[in-house]
Student: 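Dropping a structure here in structure tokens format, bear with me for questions.
Scope of the values below: all heavy atoms of this structure, side chains included, with no hydrogens, waters or symmetry mates. Note that the numbering runs from 1 along the sequence shown for the chain.
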Amino acid sequence: MSVQPINNRADTFLNPVYPHSFPDPFVLKYNGRYFAYCTGFSDDGRVFGILRSSDLVNWEKVGSAMTPLDPSPPFYWAPEVTYADGKFYLYYSVGNETLMELRVAVSAEPDGGFVDAGMRLTNEEFAIDAHVFVDTDGKRYMFYASDFLKHTHIGTGTVVDEMIDWFNLAGKPRAVTRARYDWQVYDPQRKEKGGVRWHTIEGPAVIKRKGIYYEMFSGGNWQNTTYGVSFAEADDIGRDEEWAQYSDGEKIFPILRTIEGRIVGPGHNSIVRGPNNRELYCVYHRWTEAGRVLAIDRMDVAGRRLFVIGATDTPQPAPYRPQVTGFDEGW
């Protein structure tokens with residue numbers, strides 16, 4: 001165990017912190033190290049690339065998570081890893097893009113060796129972007145995105161379902177955030193969906209602060225300047241009503257958004273604590289010539305509002321190092 005001064009930190013970092021393709025990033029903090037997972041196939045023919053870091057800024061490639069299913073569908077999206085009782089559970093969506101289901105794979109280590117558990121978690125034709133949230137009372141919930149074809153604003157939205165255990169959902173999903181505003185339009189005439197005006201809300205990430213639940217989500221189409229990340233909040237995770245959304249896209253903009261001419265398509269974020277276990281970071285992808293690359297920016301909660309200091313493209317103060325190292329610092 002070593003002790004470091006309170007303000008001992010590196011100087012600055014500059015986004016993107018990993019300038020290569022790494023779409024839909026999720027970052028797990030485990031034993032003081034960070035493991036990042038991304039959508040899609042890796043160069044080795046396996047799926048879900050993995051990076052490792054000790055400071056959220058300097059990342060090294062360590063391999064990929066698992067062997068594709070047999071027979072293998074073409075698309076593997078949005079992996080997210082949860083640790084419990086000595087095992088790592090990787091939740092992911094898989095399918096042919098039109099039909100997508102959620103599944104889970106298990107490993108004894110965070111940096112590979114995941115094996116699919118052999119079961120489908122969801123019943124919907126389209127289910128993506130699994131996010132596991134464990135409440136302060138120990139109850140487990142899965143948030144994910146699914147389609148709402150009879151809603152006033154047709155398109156993809158997010159739901160929550162209780163988890164019976166790490167392998168089974170209760171099968172009673174409730175709507176959390178569905179499209180309400182024009183900034184959430186994905187395509188005004190989406191051919192794949194019969195030419196309807198299609199909206200998209202996806203990529204849920206949830207935290208709880210002072211009894212209030214916050215769900216961050218991505219909305220719209222990354223090619224539009226209106227695209228970005230916003231949030232919804234609720235006092236009760238078990239409520240039947242949808243959560244209250246923060247951004248209407250006109251008077252109140254998304255908290256992380258495209259900056260025309262500078263930053264394109266910041267979205268699909270996860271939330272993680274910094275090395276000092278106090279700072280909160282929004283981890284997200286944004287578009288460059290290399291594709292969707294990995295970026296981080298500080299975030300926090302003020303009253304009933306979440307805010308992100310970004311998206312940044314100038315040098316930022318590097319994450320503060322821990323005062324004490326050499327123990328499990330948790331989430």
Side-chain angles (χ1 to χ4, degrees), residues 24-29 56 78 80-82 91 128-146 156-163 173-181 183-184 199-220 227-249 251-257 266-274 277-285 295-312 330-331:
D24 302 333
F26 175 80
V27 172
L28 171 73
K29 185 178 185 183
L56 277 178
E80 179 167 321
V81 177
T82 296
Y91 296 90
I128 62 172
D129 297 353
H131 170 73
V132 174
F133 173 75
V134 181
D135 207 345
T136 47
D137 61 3
K139 289 185 178 179
R140 295 167 291 202
Y141 300 87
M142 178 170 287
F143 291 76
Y144 60 96
S146 189
T156 304
T158 68
V159 301
V160 60
D161 199 359
E162 290 190 40
M163 300 181 71
R174 304 184 306 274
V176 177
T177 48
R178 295 186 292 183
R180 296 183 58 189
Y181 304 109
W183 74 270
Q184 297 157 348
H199 304 75
T200 294
I201 287 178
E202 60 188 2
V206 178
I207 61 171
K208 182 181 182 181
R209 286 295 180 274
K210 296 182 179 180
I212 303 172
Y213 300 88
Y214 301 88
E215 183 208 59
M216 300 181 76
F217 60 84
S218 301
Y227 178 83
V229 173
S230 188
F231 71 91
E233 50 93 357
D235 294 310
D236 180 6
I237 197 171
R239 64 186 282 176
D240 292 328
E241 299 84 6
E242 293 180 38
W243 295 16
Q245 295 188 37
Y246 174 75
S247 304
D248 62 11
K251 295 181 180 179
I252 304 176
F253 296 105
I255 60 174
L256 184 70
R257 62 186 187 274
H268 199 105
N269 75 286
S270 58
I271 306 166
V272 69
R273 288 191 181 274
N277 220 31
R278 297 182 64 184
E279 294 182 295
L280 283 178
Y281 281 86
C282 177
V283 180
Y284 60 96
H285 68 221
I296 67 170
D297 276 306
R298 284 178 170 85
M299 62 173 289
D300 210 337
V301 182
R304 297 184 76 100
R305 179 192 170 190
L306 294 184
F307 64 90
V308 179
I309 304 174
T312 65
W331 181 85

Student: With distance as the sole test, does Asp297 use its side chain to make a donor-acceptor pair with the main-chain N or O of Thr312 at under 3.5 Å?
Tutor: yes
Student: Return the set of residues passing ring-ring contact (aromatic ring centres under 6.0 Å, His included) with Tyr246 (not counting sequence neighbours), or none when no residue passes.
Tutor: Phe231
Student: Working to the nearest 0.5 Å, report the span between CD of Gln184 and OG1 of Thr200.
Tutor: 9.5 Å
Student: I'd like to know if the side chain of His268 and the backbone of His285 have a donor-acceptor N/O pair within less than 3.5 Å.
Tutor: no
Student: Mind checking what makes side chain to side chain contact (heavy atoms under 4.5 Å, CB included) contact with Ala232, not counting sequence neighbours?
Tutor: Thr177, Phe217, Trp243, Gln245
Student: Who passes side chain to side chain donor-acceptor pair (under 3.5 Å) against Ser247, sequence neighbours left out?
Tutor: Ser230
Student: Side chain to side chain contact (heavy atoms under 4.5 Å, CB included) between Leu280 and Arg273: does it pass, once the steps are laid out?
Tutor: CA-CA 5 Å; Leu280 283 178; Arg273 288 191 181 274; 4.0 Å; yes
Student: Considering residues at least two apart in sequence or located in another chain, which fulfil the side chain to side chain contact (heavy atoms under 4.5 Å, CB included) criterion with Asp248?
Tutor: Tyr181, Glu250, Lys251, Ile252
Student: Excluding sequence neighbours, so at least two apart, what forms ring-ring contact (aromatic ring centres under 6.0 Å, His included) with Tyr281?
Tutor: none
Student: Measure the OH-CG distance between Tyr91 and Asp129 for me, rounded to the nearest 0.5 Å.
Tutor: 15.5 Å
Student: Check side chain to side chain contact (heavy atoms under 4.5 Å, CB included) between Lys208 and all other residues, then give those that pass, not counting sequence neighbours.
Tutor: Phe133, Asp135, Thr136, Tyr213
Student: List for me each residue that meets salt bridge (Lys or Arg N to Asp or Glu O under 4.0 Å) alongside Glu162, sequence neighbours excluded, and say none if there are none.
Tutor: none
Student: Salt bridge (Lys or Arg N to Asp or Glu O under 4.0 Å) with Asp24: which residues, sequence neighbours excluded?
Tutor: Arg292
Student: Does Arg298 offer a backbone N or O that forms a donor-acceptor pair with the side chain of Glu279 under 3.5 Å?
Tutor: no
Student: Does Tyr284 offer a backbone N or O that forms a donor-acceptor pair with the side chain of Asn269 under 3.5 Å?
Tutor: no
Student: With sequence neighbours left out, what residues match His199 under ring-ring contact (aromatic ring centres under 6.0 Å, His included)?
Tutor: His153
Student: Please name all residues satisfying side chain to side chain contact (heavy atoms under 4.5 Å, CB included) with Val159, sequence neighbours left out, ordered by chain then number.
Tutor: Tyr144, Phe148, Pro173
Student: Evaluate the side-chain proximity of Ile212 to Val301: yes if any heavy-atom separation is below 4.5 Å, no if none is.
Tutor: no
Student: Test of understanding: with salt bridge (Lys or Arg N to Asp or Glu O under 4.0 Å), list the residues that count as partners of Arg304, not counting sequence neighbours.
Tutor: Glu233, Asp235
Student: Met216 pairs by side chain to side chain contact (heavy atoms under 4.5 Å, CB included) with which of Pro204, Pro254, Cys282?
Tutor: Cys282
Student: Step by step, would you call Val229 with Val308 a side chain to side chain contact (heavy atoms under 4.5 Å, CB included)?
Tutor: CA-CA 10 Å; Val229 173; Val308 179; over 6 Å; no
Student: If the condition is side chain to side chain donor-acceptor pair (under 3.5 Å), which residues does Tyr227 pass it with, not counting sequence neighbours?
Tutor: none
Student: Do Glu215 and Thr158 have side-chain atoms, one donor and one acceptor, less than 3.5 Å apart?
Tutor: yes
Student: Test your reading of the model: is there a side-chain donor-acceptor pair from Arg174 to the backbone of Arg239, 3.5 Å cut-off?
Tutor: yes
Student: Taking the side chain as C-beta and beyond, is there a heavy-atom pair between Ile207 and Leu306 under 4.5 Å?
Tutor: yes
